[in-house]
Amino acid sequence: MKKWTRRAFIGAGVLAGGTLVIGIAIRPGNRSSKVAGLIASEGETVMNIWLKIAPDNTVTAIIPHAEMGQGVHTALAMMLADEMDADWSKVKFQEAPADKEYANYTLLKGFIAGNATFPKFIEETIDGVFLTAVKSLNFQITGGSASVRFTGQQAMRIAGAAAKSMLMQAAADTWKVPVEELTAQNSIISHPGSKLIATFAELAPAAAKVNIPTRPKLKSIEEFTLMGTSPPRFDIPAKVTGEAQFGLDVQVPGMKYATIKAAPVFGSKVKSVDTIVSSSQQGVKKIVNLGDAVAVIADGYWQAKITLDALPIEFETTENSGLNQEKIMDRYSKAMDTDLAEGNLDIHFKDGDAATALEQAAILVEAEYQLPFLAHATMEPMNCTAWVRDGKCEVWCGSQNPLGVKAAAAELLEIDIDQVTVHNQLLGGGFGRRGETDVIKQAILIAKEVDYPVKLIWSREEDTQHDVYREATISRMKAGLDQSGIPIAYAHQFIFKHHPPEAADIPYSIPNQLIQYSSPAFHVPWGNWRSVDHSTHGFLTESFIDEMAHAAKQDPLTYRKNLTKDNSRFQRVLDMVYEKSNWGAPLPANWGRGIAIAQSFGSIVAEVAEVEVGIDGKVKVHRVVCAVDPGFAIHPNGFIAQMESGIIYGLAAAMTGEITIENGAVVQSNFHNYPVTRMDEAPKIETHIINSGNPPGGAGEPSTPVIAPAVTNAIFDATGIRIRQLPISKNDLRASIRPTT
Amino acid sequence: MTSLTINGKEYQVDATADIPLLWVIREQCGLTGTKFGCGIAQCGACTVHLDGQPVRSCITPAISAEGKNITTIEGMAPDKNTLHIVQQAWIEEQTPQCGYCQSGQIMSAVALLNENPSPSDEEIDAAMSGNICRCGMYGRIKSAIKRASATLQSSTSL
């Protein structure tokens with residue numbers, strides 16, 4: 001077992017391949033030279049694993065996250081460059097290689113398996129920041145709205161500050177002046193007293209020999225020069241010229257194309273298929289039976305597709321082959337009944353005595369909600385290019401989890417992980433889907449059958465019917481209010497708990513709570529869907545609190561404010577959305593306004609939706625006002641774009657998003673029957689940021705959970721009809737059936 | 001072999017078996033800026049111009065494009081160092097997120113502005129609602145179209 005030492009943790013300078021290296025190696029043993037080989041060319045000085053300096057004074061930030069339009073490459077580079085006082089016009093980025101040096105895999109393994117006790121020196125020496133960073137970098141995952149929150153805060157900023165400190169020390173040593181008299185600006189260190197100046201590049205070789213500071217001083221918000229501004233994103237120019245390369249665009253010499261059809265019923269197998277290629281199948285190279293799927297390899301995607309479409313394939317019947325959506329929901333409902341009756345529910349949160357308080361309540365509010373399965377429907381269908389040869393494997397894909405891809409390939413082929421190379425590409429949408437490795441494994445198994453590279457492309461139909469889905473769910477909610485409408489009890493029985501673990505928590509001060517759940521079996525594969533459990537609980541909590549407010553005959557926004565009095569961040573967000581939405585101002589007939597608020601991934605988001613429900617029942621969302629406290633928005637324009645994106649994504653799901661199961665398989669197949677929001681249905685969105693000074697929260701997900709309830713609460717305001725089943729399109733909202741008030 | 005003219009350049013392609021133009025452009029001509037999204041003309045990611053008219057290349061047989069001028073996103077910029085006004089507007093509005101749909105969005109927007117240099121909101125909605133953006137950047141796409149429209153107005157009034 002290797003001993004953890006401070007030196008091993010922080011790294012040391014070595015000369016490797018002409019590149020001067022000093023590394024925050026973040027693992028036992030000295031890996032600095034290995035990192036240099038991965039990220040640096042000759043002449044570049046690697047200051048630590050997150051940044052290098054080139055002779056032309058360019059600073060390159062090494063970003064261990066995938067770009068899917070969230071602007072992570074830009075935002076993280078800004079955080080590093082700001083702390084370093086680098087000249088932004090000379091800052092570049094490089095996506096970190098899919099390598100264990102850039103993930104916490106071995107580190108965590110070391111902690112858990114190799115060294116049971118937590119090494120105290122980490123806390124003592126560098127406040128545990130690197131530990132926190134590597135924990136959050138697990139397997140190089142891009143998700144959980146975590147990039148800025150964790151990598152940015154706990155790796156990029158520190159890396160930048162440490163490098164600056166080393167450069168200043170090198171200048172002080174060279175010029176024989178006190179380091180305190182030096183200033184850093186625009187990638188230049190200067191000594192005003194003697195008018196000495198030097199560029200970062202000039203100082204880098206000497207700086208690399210300076211001990212890495214263990215506690216580099218970070219800037220306060222007032223000192224930020226880049227953070228909090230919105231420079232143009234790095235990734236945009238190539239995305240308007242067609243040059244941006246996504247996974248689907250990879251071209252490898254000698255490559256063939258494949259497409260695939262998996263057993264429609266999840267878990268089913270291929271019973272029979274003729275894999276002999278006939279002469280009439282033009283351009284077809286091979287038909288591969290993967291056991292649970294059949295793939296065709298051909299000269300082009302089209303030849304592969306038409307061949308596969310015409311290929312008779314018989315799939316085995318399974319116990320799920322007769323299952324339909326109604327039966328699934330019925331099964332869930334019965335599981336809830338049984339678990340409740342037999343006391344088998346898992347408790348999520350318990351405080352006081354909810355059962356007794358509910359009995360004593362003056363007003364009882366009860367509701368049951370149902371939510372459907374949801375597919376991700378990323379714009380770019382699933383794909384992966386693989387080349388398996390000579391005990392090696394090369395993979396080209398757009399992944400939220402490149403190191404997971406590498407590990408999956410190694411395991412599948414039973415080869416050493418070092419024999420796998422992953423070339424991560426831009427992602428045509430991720431939303432959680434591209435953290436999975438199912439498609440990658442298929443591509444590798446197909447490519448294993450031939451000696452040339454194969455690009456596997458899923459049809460949109462395959463993408464819709466073989467996703468990993470946001471679960472369908474049922475929730476039963478009860479609240480007891482006293483005479484004045486103040487809640488005295490809250491009980492929630494839901495099904496399925498994934499993560500984040502706090503999603504079913506409520507932000508409201510209510511005594512006597514009982515929140516519990518069941519986990520019935522289901523055969524539909526589950527996956528992280530933008531905001532994960534917050535996508536369900538945001539709707540449940542915020543619909544039900546609205547029902548409670550109406551039962552209490554109180555204004556829903558004021559009701560929320562009164563129940564979050566001890567949470568100043570909630571108060572400010574609610575005040576902001578109240579003011580900006582012009583809450584309470586008159587609206588035209590058949591219009592309504594709805595509010596919802598939730599905290600997720602470190603950000604608090606309130607949205608007010610303004611909707612119109614036509615007499616024919618058609619819903620039009622005109623305007624969404626979004627107030628958000630993300631602590632601090634690093635790149636405000638990019639942050640606003642993320643809020644807009646999360647709202648439209650959640651709106652598509654709320655309005656029409658529904659995956660249903662028939663005969664064990666997914667019914668929907670493409671955008672005609674899994675419709676998503678289009679431009680003529682998109683509301684005007686106004687986002688207002690509150691920089692509260694709290695640690696940065698996430699951007700990619702927190703606006704998604706609240707849009708559905710904001711809209712359904714607005715529909716209630718407009719029509720008096722409470723929507724307890726999504727999507728909204730399933731509900732009859734015609735004027736003729738609306739309650740009269 | 002079939003001869004296709006894409007962005008002013010001749011390509012000899014194998015256009016048998018009713019192959020849609022999309023796959024010929026991407027796989028045989030190597031122009032990958034045109035994207036595959038749905039295969040049934042539902043999403044607009046594959047939009048290209050045939051003699052200036054926007055078409056969904058995923059359902060357009062390649063042979064039907066013979067003898068016509070095909071323009072893809074790679075042919076939008078007037079020259080290597082200058083972007084099309086619409087592309088420039090897209091950058092100024094910081095429009096794309098993942099970017100996958102944006103070639104198709106830009107192709108639809110250029111076709112719209114060629115027909116109608118100063119479209120109203122409703123006209124933009126009507127022309128652009130065939131193009132899906134799963135990142136939901138509709139507001140920014142609309143702003144970029146208006147910006148491009150304004151640039152067109154000022155350049156023609158000069």
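Every chain is numbered from 1, with letters handed out A, B, ... down the list of sequences.
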- Message: Can you give me the closest heavy-atom contact between B/R26 and A/L248, atom names plus distance?
- Response: NH2-O, 2.8 Å
- Item | CZ-OG1 distance between A/F246 and B/T32, expressed to the nearest 0.5 angstrom | 10.0 Å
- Which atoms of B/M137 come close to chain A, meaning under 4.5 Å heavy atom to heavy atom: side chain ones, backbone ones, both, or neither? side chain
- Task: Name the option with the most non-hydrogen atom pairs under 4.5 Å to chain A; the candidates are B/S103, B/A45, B/C101, B/C135.
- Result: B/C135
- Message: Tell me which of these, B/G130, B/P20, B/G39, B/G30, has more heavy-atom pairs under 4.5 Å with chain A than the rest.
- Response: B/P20
- Task: Keeping the roles fixed (side chain from B/Q87, backbone from A/V240), state whether a donor-acceptor pair exists under 3.5 Å.
- Result: yes
- Nearest-0.5 Å distance that lies between atom CD1 in B/I40 and atom OG in A/S669: 6.5 Å
- Per-residue contact mode, B/L83 against chain A (heavy atom under 4.5 angstrom): side chain
- Side chain / backbone / both / neither for A/A641 at chain B, heavy atoms under 4.5 Å: both
- Note on the structure: Here the gap from A/L426 atom CG to B/Y100 atom OH, rounded to the nearest 0.5 Å, amounts to 12.0 Å
- Item | Contacting region of A/Q642 [heavy-atom separation from chain B under 4.5 Å] | both
- Query: With a 4.5 angstrom heavy-atom cut-off, which part of B/I91 approaches chain A: side chain, backbone, both or neither?
  - Reply: both
- Side chain, backbone, both or neither: which part of A/D235 has a heavy atom under 4.5 Å from chain B? side chain
- Okay, A/Q282 and chain B: the region with an atom under 4.5 Å from a heavy atom over there is side chain
- Query: Does any N or O in the side chain of A/D249 come within less than 3.5 Å of the main-chain N or O of B/G33, such that one atom is a donor and the other an acceptor?
  - Reply: no
- Task: Kindly indicate whether the side chain of B/R140, heavy atoms from C-beta on, has any atom under 4.5 Å from the side chain of A/I640.
- Result: yes
- B/R134 side chain vs A/Y649 backbone, donor-acceptor pair below 3.5 Å: no
- Query: Does any N or O in the side chain of A/S645 come within less than 3.5 Å of the main-chain N or O of B/G136, such that one atom is a donor and the other an acceptor?
  - Reply: no
- Item | Under 3.5 Å donor-acceptor, B/E27 side chain and A/Y301 backbone | yes
- Note on the structure: Turns out that what part of B/N131 lies under 4.5 Å from chain A's heavy atoms comes down to backbone
- Query: Ignoring hydrogens and geometry, is there a side-chain-to-backbone donor-acceptor pair from B/Y138 to A/K684 under 3.5 Å?
  - Reply: no
- A/K239 side chain to B/Q97 main-chain N or O, any donor-acceptor pair under 3.5 Å? yes
- Name the region of A/L427, side chain, backbone, both or neither, that has any atom closer than 4.5 Å to a heavy atom of chain B. backbone
- Query: Does A/R233 use its side chain to pair, donor to acceptor, with the backbone of B/Q94 at less than 3.5 Å?
  - Reply: no
- Item | Part of A/A238 within contact of chain B (heavy atom distance under 4.5 Å) | neither
- Query: A/L651 versus chain B, heavy atoms under 4.5 Å apart: side chain, backbone, both or neither?
  - Reply: neither
- Message: Counting only non-hydrogen atoms closer than 4.5 Å, does A/E380 touch chain B with its backbone (N, CA, C, O), its side chain (CB onward), both, or neither?
- Response: both
